[in-house]
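These numbers come from a predicted model, not from an experiment.
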Amino acid sequence: MLKRWFGRSPELAPALYKIASGWARDPLLYVDCRVADTVDGRMEMLLLHLTILIDRLGRAGADGKPLGQAVAEAFVEHMDDTFRHIGVGDLAVPRKVKRAAAALYDAHLDYGPALGAGEDAASAWRHALHLHLVSRGAAPNADIAGLADHAMALSGRLRAISDVDLLSGTFT
């Protein structure tokens with residue numbers, strides 16, 4: 001399906017996933033924003049950045065939604081590969097991948113209101129980040145205000161990219 005939809009560029013969704021994954025590894029998040037540099041902390045940062053990217057793709061017209069779905073599918077494929085690589089048993093992999101996919105969906109639900117908050121974005125981001133990170137114990141000592149600023153800045157930078165550049169992957 002991915003090759004059929006993209007035609008000339010089937011590697012775009014995995015490439016966009018890789019970009020979001022790179023954003024999630026920014027040392028600023030773990031040093032300045034005090035997100036725990038643990039499996040849970042890194043997963044939460046990946047979910048945050050994927051949610052922001054997928055939301056922006058969803059706002060890029062009819063072509064953006066399928067690309068956002070393909071990015072989510074690239075995440076699921078990467079989780080499957082990762083679990084198999086680290087030696088998770090074949091019977092447990094689907095269950096763990098399903099949990100990872102559900103976590104992305106939960107992140108979308110938690111961060112969605114902040115992504116569309118407009119003037120109240122700072123407050124909405126702080127609330128969503130507290131709910132998703134602190135309340136669940138993934139990053140109890142995180143600098144929520146700093147992460148909110150980071151999320152708003154990234155979201156703003158993505159909104160400033162034209163739909164054409166976004167959908168072709170020709171942005172930095």
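Taken from CG in Leu48 to CH2 in Trp23, the straight-line distance is 10.5 Å, to the nearest 0.5 Å. Atom CG of Asp110 and atom OH of Tyr105 lie 11.0 Å apart (nearest 0.5 Å).
In this structure, the side chain of Arg56 engages the main chain of Ile161 through a donor-acceptor pair within 3.5 Å. Judged purely by atom type and a 3.5 angstrom limit, Thr82 uses its side chain to pair as donor or acceptor with the backbone of His78.
Within a 6.0 Å radius of CD1 in Ile86, more than 12 heavy atoms belonging to other residues, nucleotides or ligands are found.
In summary, Asp149 and Arg126 do not engage in a salt bridge, as defined by a charged side-chain N under 4.0 Å from a carboxylate O.
Between Leu115 and Ser155 the shortest heavy-atom distance is CD2-OG, 3.8 Å.
In this view, Val134 and His130, Ile144 satisfy the side-chain contact (heavy atoms from CB on, under 4.5 Å) rule, not counting sequence neighbours. Not counting sequence neighbours, the partners of Arg42 by the salt bridge (Lys or Arg N to Asp or Glu O under 4.0 Å) test are Asp37.
The residue from Leu53, Ile54, Leu50 that alone fulfils the side chain to side chain contact (heavy atoms under 4.5 Å, CB included) condition with Tyr17 is Leu50.
Ring to ring, His49 and His150 are close: their centroids are under 6.0 angstrom apart.
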Criterion side chain to side chain contact (heavy atoms under 4.5 Å, CB included) on Leu133 and Met45, from CA distance to verdict: CA-CA 9 Å; Leu133 298 175; Met45 290 302 94; 3.9 Å; yes
